[in-house]
Amino acid sequence: MPKLRLPIPFAAAALAAAFAALLPHVAAQAQENDTLAKIKASGAITFGYRESSFGFSYLDGNLKPVGYSIEICNRIVEAVKTELKLPAVEIKYQAVTSANRIPLVQNGTVDIECGSTTNLVERQKQVAFSPDIFRYNVRMLVKADSGIRSIADLQGKTVVTTTGTTSFRLLREADKGRNLEVNNLGGKDHSDSFLLVESGRAQAFVLDDILLAGQIANARSPKDFIITGESLRTENQSLMLRKDDPAFKALVDRVVSGMMKSGEMEKLYNKWFMSPIPPKGININYPLNAETKEAFANPSSKGI
């Protein structure tokens with residue numbers, strides 16, 4: 001059977017028509033990822049915030065999002081106003097969880113996540129990140145009288161991790177060859193996970209040590225809890241934004257790196273982690289560690 005051959009002009013016309021049909025989709029995709037254009041058109045930006053990442057991003061006594069990450073995002077908004085020559089930009093807020101934060105950034109509901117998210121190379125396939133704003137160790141929170149002081153002590157115990165975090169996977173990786181048998185519970189947020197330990201339903205809560213310190217500082221009886229055990233991994237927190245948006249990422253990187261080099265970031269750190277903070281005037285008392293000092297000295301969004 002002879003092959004059907006299109007005349008060259010017809011084939012070229014068909015190719016041009018197919019390309020033309022694709023252009024609106026490409027343009028729409030580019031528009032979706034152009035955060036600065038979106039802000040200019042709407043006059044607003046939407047922050048993603050956490051309800052209980054104490055120190056970083058949480059609700060104060062008036063149910064207003066506050067914290068270290070929120071303040072950094074506020075500085076970014078000031079730069080956006082200058083860049084776009086806008087007299088004002090309205091800040092809208094959208095609560096996010098560990099489970100839904102990435103989809104809400106991807107689909108445009110959230111323009112920048114001002115929370116407590118780890119910058120992982122695997123997550124960079126879906127979203128982009130600012131330079132690291134904090135580095136910390138993943139450890140476990142237990143009751144002081146529990147007798148638990150190491151990973152081996154978790155044998156037969158119930159461990160809670162917040163849904164959507166990497167904590168349980170890190171625990172499993174650290175357990176290679178030990179055949180640790182634990183029951184894993186998932187808390188919907190960090191406060192929910194902490195309550196499972198406080199109530200006795202779980203014996204340990206595995207998470208970033210700085211976030212665990214925030215939970216202890218806000219507990220009814222802080223002296224009843226300790227952070228203990230081996231570090232499962234040193235991780236890094238960053239602000240999260242849409243992927244393939246070079247103009248907005250460049251602005252975010254410029255603001256964050258500038259704050260680090262000017263010393264403003266360390267002042268902000270001391271305000272939220274070494275001083276009394278709202279709503280209870282509690283001091284998390286988490287001194288700047290060597291890993292975070294390195295992040296400030298050499299800003300990077302490389303990820304782990």
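Throughout, residue positions are numbered sequentially from 1 according to the sequence presented.
- With hydrogens and angles disregarded, no donor-acceptor distance shorter than 3.5 Å links the side chain of Y58 to the backbone of K64.
- Cluster annotation: V121 and F129 are assigned to distinct hydrophobic clusters (Ile/Leu/Val/Met/Phe/Trp/Tyr, side-chain heavy-atom contacts under 4.5 Å, transitive).
- Following chains of ILVMFWY side-chain contacts shorter than 4.5 Å, one can reach L84 starting from V255, so the two form part of one hydrophobic cluster.
- Note: T118 OG1 to D208 CG = 5.0 Å, rounded to the nearest 0.5 Å.
- Test V142, V159, I226, L141 against I148 for side chain to side chain contact (heavy atoms under 4.5 Å, CB included) and you get one pass: V142.
- Cluster annotation: M274 and I282 are assigned to distinct hydrophobic clusters (Ile/Leu/Val/Met/Phe/Trp/Tyr, side-chain heavy-atom contacts under 4.5 Å, transitive).
- In this structure, E71 pairs ionically with K271, as a charged nitrogen and a carboxylate oxygen lie closer than 4.0 Å.
- Side-chain N/O atoms of E294 and N298 include a donor and acceptor closer than 3.5 Å.
- I151 contributes atom CD1, which lies 10.0 Å from atom CG of L170 (distance to the nearest 0.5 angstrom).
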(request) Show the numbers, then the answer: is there a side-chain contact (heavy atoms from CB on, under 4.5 Å) between Q106 and Q126? (result) CA-CA 7 Å; Q106 287 181 301; Q126 301 172 283; 3.4 Å; yes
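- Salt bridge status for E173 with R233: absent, with no side-chain N to carboxylate O gap under 4.0 Å.
- Scanning both residues, I70 and P65, for their nearest heavy atoms gives CG2-O, 4.0 Å.
- Of the charged side-chain nitrogens involved, at least one lies within less than 4.0 Å of a carboxylate oxygen, so that K81 and E78 count as a salt-bridged pair.
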(request) Start with the C-alpha gap between L232 and V206, add the side-chain angles, then the distance that decides, and say whether side-chain contact (heavy atoms from CB on, under 4.5 Å) holds. (result) CA-CA 9 Å; L232 302 183; V206 177; 3.6 Å; yes
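- Judged purely by distance below 3.5 Å, without hydrogens or angles, the side chains of S69 and S57 never pair a donor atom with an acceptor atom.
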(request) Take F134 and F56, measure what ring-ring contact (aromatic ring centres under 6.0 Å, His included) needs, and give me the verdict at the end. (result) CA-CA 10 Å; F134 200 102; F56 289 98; 5.0 Å; yes
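- With no hydrogens or angles considered, no side-chain donor-acceptor pair links S191 and D189 at under 3.5 Å.
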(message) Assess the residue pair I91 and N74 against the criterion (side-chain contact (heavy atoms from CB on, under 4.5 Å)); give the C-alpha distance rounded to whole Å, side-chain angles, the decisive distance to 0.1 Å, and a yes or no.
(response) CA-CA 9 Å; I91 298 175; N74 286 338; 3.6 Å; yes
(message) Please determine whether side-chain contact (heavy atoms from CB on, under 4.5 Å) holds for the pair M140 and L207, giving the CA-CA distance in whole Å, both sets of side-chain angles, and the decisive distance to 0.1 Å.
(response) CA-CA 6 Å; M140 59 184 173; L207 190 68; over 6 Å; no
(request) Any chance you could lay out the salt bridge (charged side-chain N to carboxylate O under 4.0 Å, His left out) test for E198 and K143, step after step, and finish with the verdict? (result) CA-CA 8 Å; E198 189 176 44; K143 287 186 175 178; over 6 Å; no
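- Using a distance-only test at 3.5 Å, with no hydrogens or angles considered, no donor-acceptor pair links the side chain of N270 to the main chain of K267.
- N100 contributes no side-chain N or O that, together with a main-chain N or O of V96, makes up a donor-acceptor pair within less than 3.5 Å.
- For an aromatic pair to be called close, the ring centres must be under 6.0 Å apart, and Y286 with F54 fails this.
- When every heavy atom of T234 is checked against every heavy atom of E291, the shortest pair comes out as CG2-CG, 3.8 Å.
- Scanning all heavy atoms of the two residues, the minimum distance from N236 to G303 falls at ND2-CA, 3.9 Å.
- Classification of the Y269-F296 ring pair by plane angle, with boundaries at 30° and 60°, yields perpendicular.
- Of all heavy-atom pairs between L154 and L180, the closest is C-CD1, 4.0 Å.
- A donor atom on one side chain and an acceptor atom on the other are found under 3.5 Å apart for N184 and T161.
- V127 and Y49 end up in different hydrophobic clusters when Ile, Leu, Val, Met, Phe, Trp and Tyr side chains are linked at under 4.5 Å.
- In this structure, F194 has its ring center under 6.0 Å from that of F225.
- The aromatic rings of H190 and F205 sit tilted, their planes meeting at an angle between 30° and 60°.
- Closest of all the heavy-atom pairs between W272 and G55 is CB-O, 3.7 Å.
- Exactly one residue among Q94, K38, K92 makes a side chain to side chain contact (heavy atoms under 4.5 Å, CB included) with D111. That residue is K38.
- Inspection of the R50 and S98 side chains reveals an N or O donor paired with an N or O acceptor under 3.5 Å.
- V110 and I112 are members of different hydrophobic clusters when ILVMFWY side chains are connected at heavy-atom separations under 4.5 Å.
- Under the side chain to side chain donor-acceptor pair (under 3.5 Å) rule, T35 has a single partner from K249, K40, R242, which is R242.
- Residues Y93 and T46 fail the side-chain proximity criterion, which asks for heavy atoms closer than 4.5 Å.
- The two residues L104 and A95 make their nearest non-hydrogen contact at CD1-O, 4.2 Å.
- From R75, atom CZ reaches atom CG of L268 across 5.5 Å, with rounding to the nearest 0.5 Å.
- Between E122 and R169 there is a salt bridge, since at least one side-chain N of the basic residue sits less than 4.0 Å from a carboxylate O of the acidic one.
- Between the CG atom in L251 and the CG atom in L36 there is a gap of 6.0 Å [rounded to 0.5 Å].
- A side-chain N or O of Y136 and one of E235 form a donor-acceptor pair less than 3.5 Å apart.
- The CD1 atom of I72 sits 9.0 Å away from the SG atom of C114 when rounded to the nearest 0.5 Å.
- Residue Q155 holds its CD atom at 8.5 Å from CG of N179, rounded to the nearest 0.5 Å.
- Ion pairing between a basic and an acidic side chain is recognised when a charged N comes within 4.0 Å of a carboxylate O; E83 and R254 show such pairing.
- Within 6.0 Å of the CZ atom in R201, the count of heavy atoms belonging to other residues, nucleotides or ligands does not exceed 12.
- Side-chain contact of Q124 with N119: a donor-acceptor pair under 3.5 Å is present, judged by distance alone.
- The main-chain N or O of L239 is found under 3.5 Å from a side-chain atom of S130 such that the two form a donor-acceptor pair.
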